[in-house]
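Read through the structure below, which is laid out as structure tokens, and then see the notes.
These numbers come from a predicted model, not from an experiment.
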Amino acid sequence: MKLSGRIAALCAMLVMFAVSSVRAETFVVGYQPYDTISYQVIVNAELGLWKKYVPAGTKFEFQGALQGTVVANNMLADKAQVGYMSVMPATILCSKPKQAEIKMVATCGMSEGTRCSLVLVRKGAPAFKSNEELARWLDGKVIAAPKGSASDQYLMKFFHKYNVKPKEYLNQSIEVIGTNFRIGKLDAASLWEPTLSRIASDVGEGIATIAADGRACDNPDLGIVTMRKDFIEKHPQVAKGYMRSELEAQRYVLDPKNWAHVIDMVAKHATGVPKRVLWYSIYGHVPAFSKEPVREWKSFYFNARERQNIAEVGPFLLKDKRISQLPPAFSVDDSLARQVFKEAGYKPVSDSVTLGVIKGAPASACPFKN
């Protein structure tokens with residue numbers, strides 16, 4: 001065989017090896033089916049959007065978890081390469097660079113505190129005229145939240161601002177909180193959508209009522225897309241392709257003509273939750289007493305408000321001894337999201353909102369009856 005032929009054969013073998021190596025890779029996305037920050041992940045998985053943008057042969061496995069801390073632990077152990085969680089578990093995750101270097105690469109939604117920064121009080125509680133009145137009622141009461149979550153962060157800030165001294169502040173999962181409201185063992189709690197709407201009075205069981213949201217202590221909700229740094233460096237085209245599919249999925253969730261389809265898909269993953277509740281959990285006007293029409297906005301990459309929120313959470317957690325050190329500077333890096341956004345041809349809607357907003361609709365607008 002001539003030298004040129006040998007070189008060509010060698011190149012072909014190298015290409016085949018590279019392709020087979022890609023095909024051998026399966027990457028894991030950790031998400032929360034019972035959390036609205038992961039609804040677009042479900043859309044991505046159900047529609048297979050990621051398949052259009054990643055190298056041929058790449059596979060993604062989507063693994064559901066009940067809390068962001070579970071996703072975070074899997075990422076630390078390299079059992080997941082991409083993860084969705086609120087800013088508090090994301091900050092805790094990124095504060096452990098000796099275990100694994102993690103980046104916050106994009107936002108999957110933000111609100112003024114209408115997703116997981118809310119106080120729920122038991123059925124029969126008074127109608128509070130102010131946050132101060134609510135705070136005094138909470139003194140000496142049994143209160144719960146999933147510790148390490150954004151809801152936990154919210155309650156800590158609420159307690160601090162209004163000097164609330166509960167009888168007990170319990171660490172309970174979202175399912176246990178729902179059960180304890182039903183059997184009368186809780187006075188108040190904070191948790192996130194859609195479980196919040198499932199047990200609240202607007203469209204759910206009516207065993208609890210929303211008494212305050214994030215505006216009570218300036219605690220917005222921020223959803224974060226995280227990636228392992230070594231995953232981005234070793235598989236740049238896979239990481240970029242996945243981010244492109246995340247962008248498309250967010251656009252899909254924002255479009256009102258897709259809202260019913262989104263909920264049909266989410267219902268396959270958030271089993272046991274009525275579609276009416278799932279719809280209201282992301283597209284409904286929560287809390288009902290709020291005069292703010294915007295339920296949530298999606299920026300994709302980090303704008304000023306998102307960066308400010310991320311910058312505030314670290315020192316707060318450090319002071320409360322939830323973390324032993326602040327996340328490294330490289331932890332907040334949306335350069336890949338900005339690159340993907342630009343290459344996709346999208347233009348910012350404004351300086352504060354990049355993709356768009358969801359304006360909360362009344363329960364009467366829901367297309368699902370149950």
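- The backbone N or O of Val142 sits less than 3.5 Å from a side-chain atom of Asp187, completing a donor-acceptor pair.
- Note that the CH2 atom of Trp192 and the CZ atom of Arg115 stand 8.5 Å from one another [nearest 0.5 Å].
- If you look at His261 and Tyr252, their ring centroids are not closer than 6.0 Å.
- In plain terms, the two heavy atoms of Ala267 and Leu278 that are nearest each other are CA-CD1, 3.7 Å.
- Annotation: Lys52, atom NZ; neighbour count of heavy atoms from other residues, nucleotides and ligands within 6.0 Å is above 12.
- Here Ser173 pairs with Glu175 under the side-chain hydrogen bond (donor to acceptor under 3.5 Å, both in side chains) rule; sequence neighbours left out.
- Counting only heavy atoms from C-beta outward, the side chains of Thr226 and Tyr84 never approach each other to under 4.5 Å.
- Applying the salt bridge (Lys or Arg N to Asp or Glu O under 4.0 Å) test to every pair with at least one member in residues 196-217, sequence neighbours left out, gives these pairs: Arg182-Glu205, Asp213-Arg215.
- Transitive grouping of hydrophobic side chains (ILVMFWY, heavy atoms separated by less than 4.5 Å) keeps Ile358 and Ile37 in distinct clusters.
- We find the CG-OG distance between Leu222 and Ser86 to be 8.0 Å, quoted to the nearest 0.5 Å.
- The side-chain heavy atoms of Phe181 and Arg122, taken from C-beta on, include a pair separated by under 4.5 Å.
- Note on Tyr346 and Leu49: same hydrophobic cluster, where clusters join Ile, Leu, Val, Met, Phe, Trp and Tyr whose side-chain heavy atoms are under 4.5 Å apart, directly or indirectly.
- Taking the side chain as every heavy atom from C-beta outward, Trp279 and Pro274 never approach each other to under 4.5 Å.
- Between Phe27 and His235, the angle of the ring planes goes over 60°, which puts this pair in the perpendicular group of the 30/60° scheme.
- Ser281 and Tyr39 form a side-chain donor-acceptor contact under 3.5 Å, judged by distance and modelled atom types alone.
- Under the 3.5 Å distance criterion, the side-chain polar atoms of Ser111 are matched with a main-chain donor or acceptor of Thr114.
- Looking at Val119 and Ile210, their side chains never come closer than 4.5 Å, going by heavy atoms from C-beta outward.
- Salt bridge absent: Glu25 and Lys59 never bring a charged side-chain N and a carboxylate O closer than 4.0 Å.
- Remark: side-chain polar atoms of Lys161 are paired, donor with acceptor, to backbone N or O of Ala216 under 3.5 angstrom.
- For Glu343 and Lys240, the salt-bridge test passes: some basic side-chain N is under 4.0 Å from an acidic carboxylate O.
- Counting only N and O atoms by type, the side chains of Gln40 and Glu246 include a donor and acceptor under 3.5 Å apart.
- Met85 and Ile42 are not part of a single hydrophobic cluster, where members link through side-chain heavy atoms under 4.5 Å apart.
- Considering only heavy atoms from C-beta on, Phe330 comes within 4.5 Å of Glu101 through its side chain.
- Not one N or O on the side chain of Arg228 forms a donor-acceptor pair closer than 3.5 Å with the backbone of Ala80.
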Criterion side-chain contact (heavy atoms from CB on, under 4.5 Å) on Leu138 and Tyr162, from CA distance to verdict: CA-CA 10 Å; Leu138 291 174; Tyr162 297 100; over 6 Å; no
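- In terms of hydrophobic clustering, with Ile, Leu, Val, Met, Phe, Trp and Tyr side chains grouped at heavy-atom distances under 4.5 Å, Val54 and Met227 are assigned to a common cluster.
- Linking Ile, Leu, Val, Met, Phe, Trp and Tyr whenever their side-chain heavy atoms come within less than 4.5 Å leaves Val121 and Ile174 in two separate clusters.
- Between the side chains of Gln250 and Glu248, not a single donor N or O lies within less than 3.5 Å of an accepting N or O.
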**OP:** Determine, stepwise, if the pair Thr271 / Tyr34 fulfils side chain to side chain donor-acceptor pair (under 3.5 Å).
**Re:** CA-CA 9 Å; Thr271 56; Tyr34 297 92; 3.2 Å; yes
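- Pairs passing the side-chain hydrogen bond (donor to acceptor under 3.5 Å, both in side chains) check and including a residue from residues 139-151, sequence neighbours excluded, read Arg136-Asp139.
- For the residue pair Asn74 and Gln63, no side-chain donor N or O sits within less than 3.5 Å of a side-chain acceptor on the partner.
- If you check the side chains of His269 and Tyr31, you find a donor sitting under 3.5 Å from an acceptor.
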- Would you sort out whether Ile224 and Ile310 count as a side-chain contact (heavy atoms from CB on, under 4.5 Å), showing the intermediate values? CA-CA 10 Å; Ile224 300 286; Ile310 294 171; 4.1 Å; yes
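- Remark: aromatic rings of Phe341 and Tyr301 are close, center separation under 6.0 Å.
- Of all non-hydrogen atoms in Leu120 and Ala200, the two that sit nearest each other are CD2-CB, 4.1 Å.
- When side chains are defined from C-beta on, His285 does not count as touching Pro362, because their heavy atoms never get closer than 4.5 Å.
- Side-chain contact check for Ile92 versus Lys96: some heavy-atom pair is nearer than 4.5 Å.
- The existence of a salt bridge linking Glu112 and Arg305 is confirmed by a sub-4.0 Å separation between a basic side-chain nitrogen and an acidic carboxylate oxygen.
- Counting heavy-atom neighbours within 6.0 Å of Lys185 NZ, excluding the residue itself, gives a total of 12 or less.
- When each of Asn44, Thr36, Ile282, Asn258 is tested with Val253 by the rule side-chain contact (heavy atoms from CB on, under 4.5 Å), just one qualifies, namely Ile282.
- Looking only at side-chain heavy atoms (C-beta outward), Met243 and Val105 come within less than 4.5 Å of each other.
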- [ ] Start with the C-alpha distance between Val286 and Glu193, add both sets of side-chain angles, then the distance that settles side-chain contact (heavy atoms from CB on, under 4.5 Å), and finish with yes or no.
- [x] CA-CA 10 Å; Val286 173; Glu193 295 283 20; 4.1 Å; yes
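- If you check the side chains of Asp152 and Ser190, you find no donor sitting under 3.5 Å from an acceptor.
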**OP:** Go through the steps for Asn219 and Gln153 under the test side chain to side chain donor-acceptor pair (under 3.5 Å), then give the verdict.
**Re:** CA-CA 9 Å; Asn219 192 78; Gln153 171 192 316; 2.9 Å; yes
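- Remark: Tyr242 engages Phe60 in a ring-ring contact (aromatic ring centres under 6.0 Å, His included) (not counting sequence neighbours).
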Side chains of residues 363-370: which donor-acceptor pairs under 3.5 Å do they make with residues two or more places apart or in other chains?
none

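- A salt bridge links Lys298 to Glu296: one of the charged nitrogens lies within less than 4.0 Å of a carboxylate oxygen.
- Remark: Asp334 engages Arg307 in a salt bridge, criterion side-chain N to carboxylate O under 4.0 Å.
- Side-chain N or O atoms of Ser290 include one that pairs as donor or acceptor with a backbone N or O of Glu292 at under 3.5 Å.
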Enumerate donor-acceptor pairs with a distance under 3.5 Å from any side-chain N or O in residues 311-321 to protein atoms, sequence neighbours excluded.
residue, atom, partner, partner atom, Å
Glu312, OE2, Gln308, NE2, 3.1
Asp320, OD2, Arg322, NE, 3.1

